[in-house]
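Written out below as structure tokens is the structure these notes cover.
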Protein chains: 2
Amino acid sequence: MNDRLLLLGLLRREEMHGYQLHEFIDRELAFCTDLKKPTAYYLLNKMTSEGWISEETAREGNRPPRKVYSITPAGEAAFQQLLRQNVASFIPSRFPGDVGIAYLDALPPTEALGLLRQRRAQLQLAQEKVSTAPAHRGSLEWIVEHQRRHLAAEADWLDEIIEQLEQGLK
Amino acid sequence: MNDRLLLLGLLRREEMHGYQLHEFIDRELAFCTDLKKPTAYYLLNKMTSEGWISEETAREGNRPPRKVYSITPAGEAAFQQLLRQNVASFIPSRFPGDVGIAYLDALPPTEALGLLRQRRAQLQLAQEKVSTAPAHRGSLEWIVEHQRRHLAAEADWLDEIIEQLEQGLK
DNA sequence: TTCTGATTAGTCAGTTTTGACTATTCAGGA
DNA sequence: TCCTGAATAGTCAAAACTGACTAATCAGAA
């Protein structure tokens with residue numbers, strides 16, 4: 001339902017067509033969701049048939065006609081409800097990367113260390129990307145801050161594992 | 001692929017049937033994945049047809065026969081490969097709860113505060129659950145620690161948002 | 001003007017996931 | 001003994017998701 005909320009929220013600001021929506025999400029909100037293009041269209045169709053948004057075919061210049069979506073009153077109501085639900089609930093995160101940590105003892109310690117250092121390097125890149133990101137305005141800044149803190153915690157934790165492994169080797 | 005890795009890793013320790021696998025994951029590793037039952041069976045079938053595991057029908061007592069899965073040499077090879085891949089890569093997390101934060105300004109500040117406090121309370125519960133969890137042995141302890149740190153970062157962040165909102169109200 | 005690669009806009013078939021259900025066995029009380 | 005609720009062991013149809021593709025337009029180079 002969170003992807004629906006995301007789409008509704010964007011359509012609430014201004015009507016858009018599918019490609020535009022996906023483009024925006026992919027460019028500006030990549031750190032927040034990774035809604036794939038076909039999924040976006042799927043949800044737009046779904047919400048249209050649910051009456052949350054309405055589609056209107058628009059031709060601009062001599063480009064082929066596009067479907068422009070705009071939010072309906074029912075959609076606005078759904079938005080209000082979904083928003084409250086989202087804000088009021090804590091959704092626990094799963095970390096698929098933990099599976100590998102759980103089985104770390106199946107690996108020779110030296111190799112494990114090398115692999116973990118690779119993971120650490122990628123994490124570093126992610127941190128740099130966030131810290132050099134252009135300042136977002138308003139509440140988006142909180143989300144960037146969220147990401148920043150999460151990555152920092154991640155780095156601390158990984159460093160500790162790496163250090164413990166190093167201790168074990170000596 | 002991480003769910004496959006998880007299943008292979010368990011089957012590596014001892015052969016099991018589907019229900020047993022799902023039970024174990026659901027009880028012991030709930031903070032790590034949330035592999036649903038039908039998904040587990042789906043993956044077991046898939047991996048059987050890929051030759052990673054083999055199934056053997058076993059009857060015990062007068063219970064109906066069950067399929068017992070055990071890992072094959074090809075499965076062990078796949079495990080080794082998937083494990084290295086998993087350990088060596090940092091998988092960025094997405095936080096669906098951020099969508100609500102992004103649209104927080106669509107809500108009256110007082111109501112937003114109330115909803116955020118609800119979220120905070122649920123987070124608190126999750127933290128208590130982790131801290132009272134029985135000590136896991138070996139590398140599982142790292143995963144619990146991961147969760148602990150992640151939740152702490154989450155709490156700090158939420159508290160700051162709440163405080164900023166409170167400031168804005170005064 | 002014609003070609004090439006990038007951008008725009010979207011679709012489709014196949015894969016994966018899941019909510020809801022079935023069916024058997026077991027433990028204990030009436 | 002019979003009944004009931006919990007635990008065991010799964011299945012199935014429907015929903016959701018995605019990799020790979022199509023197809024039109026446009027901008028600029030040759």
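Just so it is clear: chains get the letters A, B, ... in the order the sequence lines come, proteins before strands, and each one is counted from 1. Values below: all heavy atoms of this structure, side chains included; hydrogens, waters and symmetry mates excluded.
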Identify, between B/P38 and B/K46, the residue whose nearest nucleotide on DNA chain C lies closer to the 5' end.
-> B/K46
Rounded interatomic separation in angstrom, taking CD from B/E23 and P from D/dG10 = 12 Å
Separation of C/dT7 atom P from A/R66 atom CZ, nearest Å, is 17 Å
Beyond-backbone contact of A/Q80 with B/L107, side-chain heavy atoms, under 4.5 angstrom = yes
Between D/dT11 (C1') and B/E55 (CD): distance, integer Å = 14 Å
Is B/K37 touching bases, backbone alone, or none of the nucleic acid, heavy atoms closer than 4.0 Å?
-> base
Give a yes/no answer on whether the side chain of A/T39 brings an N or O atom under 4.0 Å of OP1 or OP2 in D/dA16.
-> no
Distance-only side-chain donor-acceptor flag, B/E163 / B/Q167, under 3.5 Å = no
Separation of D/dA15 atom P from A/L43 atom CG, nearest Å, is 14 Å
Separation of D/dT11 atom P from B/H22 atom NE2, nearest Å, is 14 Å
Starting from C1' on C/dT17, measure out to OH on A/Y42 and report it in whole angstrom.
-> 11 Å
Is there a side-chain polar atom (N or O) of B/K67 under 4.0 Å from OP1 or OP2 of D/dG10?
-> no
Do other residues, nucleotides or ligands put more than 12 heavy atoms under 6.0 Å from the CD atom of B/E141?
-> yes
Within the modelled atom types, does a donor on one side and an acceptor on the other bring the side chain of B/K36 and the base of C/dG19 under 3.5 Å apart?
-> no
Atom-pair distance (CZ on B/R94; C1' on D/dC17), nearest Å | 15 Å
What does A/H17 touch in the nucleic acid at a heavy-atom separation under 4.0 angstrom: a base, only the sugar-phosphate, or nothing?
-> sugar-phosphate
To the nearest Å, give me how far apart OH (B/Y41) and P (D/dT8) are.
-> 12 Å
Are a donor atom and an acceptor atom from the side chains of A/E154 and B/H150 found within less than 3.5 Å of each other?
-> no
Salt-bridge test for A/E166 and A/R117: reply yes if a basic N is under 4.0 Å from a carboxylate O, no otherwise.
-> yes
